[in-house]
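Reading through the structure tokens given below for one structure.
Every number for a ligand or one of its atoms is a count from 1 in the order of the listing. Computed from heavy atoms alone, side chains included, the values below leave out hydrogens, waters and symmetry copies.
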Amino acid sequence: MNPISIAVVGVGKIARDQHLPSIHNNPGYRLVAAASRHGSVDGVENFTAIEDMLAAMPEIEAVSLCMPPRVRFDAAYKALEAGKHVFLEKPPGATLSEVAILEALAQQKNVTLFTSWHSRFGPAVEPARAFLADKTIRRVDIIWNEDVRRWHPNQDWIWEAGGLGVFDPGINALSIMTHILPMPVFVTRSTLEIPENRDAPIAAQIDFQSASGIPVTADMDWRRQSSDDRWDIIVETDAGTMILGNGGARLSVDGVMRADEQETEYPTLYARFHDLVRAGRSEVDVAPLRHIADIFMLGSRKTVEAFYD
Ligand code: NAP
């Protein structure tokens, strides 16, 4: 079967770090174009706007949308309308309603829509899910702390309304949580710490619970030194304390290491997208984004010190 002709839209950090190498290394794809206002990709056709690219290159079968969430809907809508398969970076949109519109359009056009959640493809995530499947869970604590200056330098969009602030990485934790826990949970309380000169939170503390009252807490904080970066989910069970660490790459139970693997998230994501396209299916899951919406709905706001890059 011929490789899928694909284009990348929004050539920024994640496109360069992960999407382009993953596409390049997967024989199931052929990168044919890129659309970005400032960025470009060597060796393919480059455009500054997605609509120009779609008009000029009807051979494009699929697009990966790697721009910030606030501007993803427009591009996704245009691509789906043009009959292209669409790979959405996380979060799949700035609102739940826009993703519902995209899902319906993909169905109507008979093309694939993929809401990718890269952290779910961390190598220790499936082992963690399998471990928890038959355990009694007593409590869950999520610690998602990082140095924003290291990971998001000069990303103004991330601090704007809809940019999600600390939830840009924090939603990765929720994407894992919603995948590995055998029961659903809901938000009961949240505190959003918002710098006085920004619209999005720099830190947040969240309480969730399951229907039977199992507590889940999340501490997300961008004000750490990079030496204190921590992306851990700690689950107390009847069979010991499970720590899914390093953003989903490492798994231990009562201190005994069960998995500690190299990251392969994006190659696996592209393999999944390929399978979906070939099978004529979509995969649309908004569970992590729904939690973020609930966190904002219940959130008490605390104004904190201004943040400057
Ligand atoms: P980024 O470095 O800022 O790149 C995004 C690109 O989108 C920009 O370079 C820009 O390219 C384009 N863009 C189009 N409209 C834009 C607008 N209104 N404002 C800003 N940029 C705009 O961001 P990123 O880190 O790659 O993140 C992009 C998406 O990937 C986000 O949803 C993020 O959550 C997700 N993601 C990021 C990472 C990471 O480690 N950085 C990891 C996983 C997922 P042009 O100016 O050339 O158009």
Heavy atom under 4.0 Å from ligand 1: found in K90's side chain, backbone, both, or neither? both
Given H38, R16, M67, identify the one with the heavy atom nearest to atom 7 (O) of ligand 1. M67
On a heavy-atom basis, I'd like to know which of Q18, E89, R72, R70 is closest to atom 32 (O) of ligand 1. R72
Would you call D238-K135 a salt bridge at under 4.0 Å N-O? no
Any idea which part of W117 is under 4.0 Å from ligand 1, heavy-atom wise: side chain, backbone, both or neither? neither
Identify, for atom 33 (C) of ligand 1, the protein heavy atom at the shortest distance, and state residue, atom and that distance. D168 OD1, 3.5 Å
Answer side chain, backbone, both or neither: which part of N172 comes under 4.0 Å from ligand 1, heavy atoms only. neither
Sub-6.0 Å ring centroid separation between W117 and H179: no
Should R70 and E160 count as an ion pair when the cut-off is N to O under 4.0 Å? no
Determine the sole option in V63, I101, L102 for which the side chain to side chain contact (heavy atoms under 4.5 Å, CB included) test with L80 is passed. L102
I need the nearest protein heavy-atom contact for atom 40 (O) of ligand 1: residue, atom name and distance, please. I14 CD1, 4.0 Å
Protein contact of atom 5 (C) of ligand 1 - nearest heavy atom, named by residue and atom, plus distance: C66 O, 3.8 Å
Please list the nearest protein heavy atom to atom 2 (O) of ligand 1 with its residue and the distance rounded to 0.1 Å. K13 N, 2.9 Å
Starting from atom 23 (O) of ligand 1, which protein heavy atom do you reach first, and at what distance in Å? Q155 NE2, 3.2 Å
So which heavy atom in the protein is nearest atom 18 (N) of ligand 1, and how far is it from that ligand atom? V71 CG1, 3.8 Å
Return the residue, atom name and 0.1 Å-rounded distance of the protein heavy atom closest to atom 20 (C) of ligand 1. P68 CG, 3.6 Å
Looking only at side-chain N and O atoms, does S22 offer a donor or acceptor that is under 3.5 Å from a partner on Y29? no
Going by heavy atoms, is Y266 under 4.0 Å from ligand 1? yes
Starting from atom 22 (C) of ligand 1, which protein heavy atom do you reach first, and at what distance in Å? R37 NH2, 3.1 Å
Of the backbone atoms (N, CA, C, O) and the side-chain heavy atoms from C-beta on, which set of H152 has a member under 4.0 Å from an atom of ligand 1: side chain, backbone, both, or neither? neither
